[in-house]
There are 2 protein chains.
Amino acid sequence: MSDKSHPPDHGLDRAVGFVPPGLDSLVLDSNSQFSVTDRVHRALRCAIIDVQLAPGAPISENSVCRQFSVSRSPVRSAIQRLAEEGLVEVSPQRGSFVAPLHLEQLHDSHFVRRTLELALLRETAAIWTPAMGETMRALLAKQERLLLERDADAFLEEDHVFHRTLAGLSQREGVWPAIETAKTSMTRFHRYWAQMDRLADVLAEHSMVIDALERGDSAAAEAALAAHLDMVFVILDGIPKEQRRLMPF
Amino acid sequence: MSDKSHPPDHGLDRAVGFVPPGLDSLVLDSNSQFSVTDRVHRALRCAIIDVQLAPGAPISENSVCRQFSVSRSPVRSAIQRLAEEGLVEVSPQRGSFVAPLHLEQLHDSHFVRRTLELALLRETAAIWTPAMGETMRALLAKQERLLLERDADAFLEEDHVFHRTLAGLSQREGVWPAIETAKTSMTRFHRYWAQMDRLADVLAEHSMVIDALERGDSAAAEAALAAHLDMVFVILDGIPKEQRRLMPF
DNA sequence: GTGTGGATACTTGTATACTAGTCTTTTCGT
DNA sequence: ACGAAAAGACTAGTATACAAGTATCCACAC
């Protein structure tokens, strides 16, 4: 995106400071309001979720040091954070690697997300107010605009906001972090296995949930959200067997 | 519990290497199979969950260094891990502190746990086999023995095993970590607000769940588990208002 | 008495050197 | 030619020194 041209390989790069593919073209935002650790963490996290850093790719602490021109301490901290988040696996004295995306783990993560979001929706339906309807309608309108503009990235971002906002209406703020944790690996998968043609369906399904809520039909809302979220299972199970072997799952 | 007598303050302790209360009497298991980071992490984690380290208590990196006679690097790593787990809050240039137990957060955490365990139980009920029954019966027997021996700590440990095993039967192994995360803060609370007289009830409630499963009555099993888990809400809401203010919540 | 400034003693954040383990590659003996 | 051992180039783990921000306390001016 920024430094597009790979520097020519003089055979000396390794001695001077070789940066593996996937790590190059990564930059730290210079906002020094945050600590170096925070910025490295964010940069790597985005790269992993965007699949710029492929599952299984090695992340040597020293490589990251060289890339960002910082010492190992903050890099190490950042990588440890990523390890806690399940985005990186570190094996002592061997190396750190971007966590693979196991299909079964994706199933279970999405099960967690689905279960929790449905439970929160039930709570929300019980306390639904017209003001909530307006809030969600505004989000739907934004999604519709982005759909017309064919801005898939922004749409996916708004999808995230939609689910977070809907969950937040339940007055159980403390539940969202658990959902987000479960959602992260699925976001990685989405970047990997993009399905552009589904965006319109997604918007329609979102609308059905809100429609049902505004009608006061709790059961229909739950069914609509369940159907929406279950599409992920359909997609996961639709991956051909031979492709599964090729994938870094 | 162990070193009850605080050493007299000679005014020199601070210069030599003062170790704050709660941190003294903590030792590292000498099993060098694990890294120093792992051992420090485990020691602090246990201390926090057992409420040896009270909510809000300061955890200075240097204090821990002195206590365990190790350098700051592994201590720092351990504390960062705890911060990721939500057991410690670190504010830069100010200090690190044992995370407080907010009542609302406890509510939400337990909501997550309850929701997920119930969802898994439904899955388990659908694939129930006699072998599973034997497994769970064995655990119930162990609980009964510990109840007779009045070994509360061991009983609570077995309670944990019971729920983990039951959840594991669902063939969704990946869900348990999410439950455990949510369960952790509640475990801290249990240590703080011990209710010895409930142990017998707990065993009875566990039995009801297994009984229903063995009868093949899925709905009854869910209801029994829900009732069991909802007792936590009853306990939480039963805390007198004036006590809430005194507690470090 | 009161408020302000600064010295001081903390805290965590960062940089760097060194340790120890793993994997590859090379070299030497058979 | 082939196999085993050793040398080297990696890796993450640990120890230590220093930088930079924060809170406290005390002296001092008003």
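Just so we're on the same page: letters track the sequence lines, and every chain starts at 1.
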Trainee: Taking for each residue the nucleotide of DNA chain C bearing the nearest heavy atom, is the 5' side occupied by A/Pro92 or by A/Arg39?
Mentor: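 Mapping each residue to its closest nucleotide by heavy atoms, the 5'-most match is A/Arg39.
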Trainee: Reading DNA chain C from 5' onward, which residue's closest nucleotide shows up sooner: B/Gly95 or A/Pro74?
Mentor: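 Its nearest nucleotide being more 5', the pick is B/Gly95.
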Trainee: The side chain of B/Arg72 lies closest to which of these nucleotides: C/dT11, D/dA17, C/dT16?
Mentor: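 Of all the options, the side chain of B/Arg72 is nearest to D/dA17.
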Trainee: Report yes or no: is the cationic atom of A/Arg172 (NZ for Lys, CZ for Arg) under 6.0 Å from the centre of the six-membered ring of B/Phe111, at an angle within 45° of the ring normal?
Mentor: yes
Trainee: Does A/Ser73 reach a base, just sugar-phosphate, or nothing at all? Heavy atoms under 4.0 Å.
Mentor: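 Base, at least one base atom sits under 4.0 Å.
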Trainee: Quick one: the side chain of B/Gln93 and the base of C/dT11, do they pair up donor-acceptor inside 3.5 Å?
Mentor: no
Trainee: Rounded to whole Å, how long is the line connecting atom CD of A/Glu61 with atom P of D/dA9?
Mentor: 20 Å
Trainee: Rounded to the nearest angstrom, tell me the gap between atom CG in B/Asn62 and atom P in C/dA9.
Mentor: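 Atom CG in B/Asn62 sits about 15 Å away from atom P in C/dA9.
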Trainee: Whole angstrom is fine here: how far is it from CD1 in A/Ile79 over to P in D/dG13?
Mentor: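 Computing the A/Ile79:CD1 to D/dG13:P distance gives 10 Å.
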Trainee: Could you check whether any side-chain N or O of A/His110 sits under 3.5 Å from a backbone N or O of A/Leu229, counting only pairs where one atom can act as donor and the other as acceptor?
Mentor: yes
Trainee: Tell me the interatomic distance from B/Arg66, atom CZ, to C/dT11, atom C1', rounded to whole angstroms.
Mentor: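 These atoms are roughly 12 Å apart.
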Trainee: So, A/Glu85 and A/His41: side-chain donor and acceptor under 3.5 Å apart, yes or no?
Mentor: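 There is such a pair (donor and acceptor under 3.5 Å, judged by atom type) between the side chains of A/Glu85 and A/His41.
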Trainee: Hey, is CZ on B/Arg191 packed in by over 12 heavy atoms from elsewhere, all under 6.0 Å?
Mentor: yes
Trainee: Output the rounded distance in Å from CZ (A/Phe68) to P (C/dA15).
Mentor: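 Taking CZ of A/Phe68 and P of C/dA15, I get 13 Å after rounding.
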Trainee: Grab the CZ-P distance between B/Phe34 and D/dA12 for me, whole Å please.
Mentor: 21 Å
Trainee: Are A/Ser96 and D/dA12 close enough that a side-chain N or O sits under 4.0 Å from OP1 or OP2?
Mentor: yes
Trainee: Once rounded to the nearest 0.5 Å, what's the spacing between atom CG of B/Asp50 and atom CZ of B/Arg45?
Mentor: 11.0 Å
Trainee: If I take atom CZ in residue B/Phe97 and atom C1' in nucleotide C/dC10, what distance separates them, rounded to the nearest angstrom?
Mentor: 11 Å
Trainee: When the nearest nucleotide of DNA chain D is assigned to B/Arg94 and to B/Ser71 on a heavy-atom basis, which residue is associated with the more 5' position?
Mentor: B/Ser71
Trainee: In whole Å, what is the span from the CZ atom of A/Arg76 to the P atom of C/dG13?
Mentor: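 Those two atoms, CZ and P, are 15 Å apart.
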Trainee: Is the phosphate of C/dG13, meaning OP1 or OP2, less than 4.0 Å from a side-chain N or O of A/Ser77?
Mentor: no
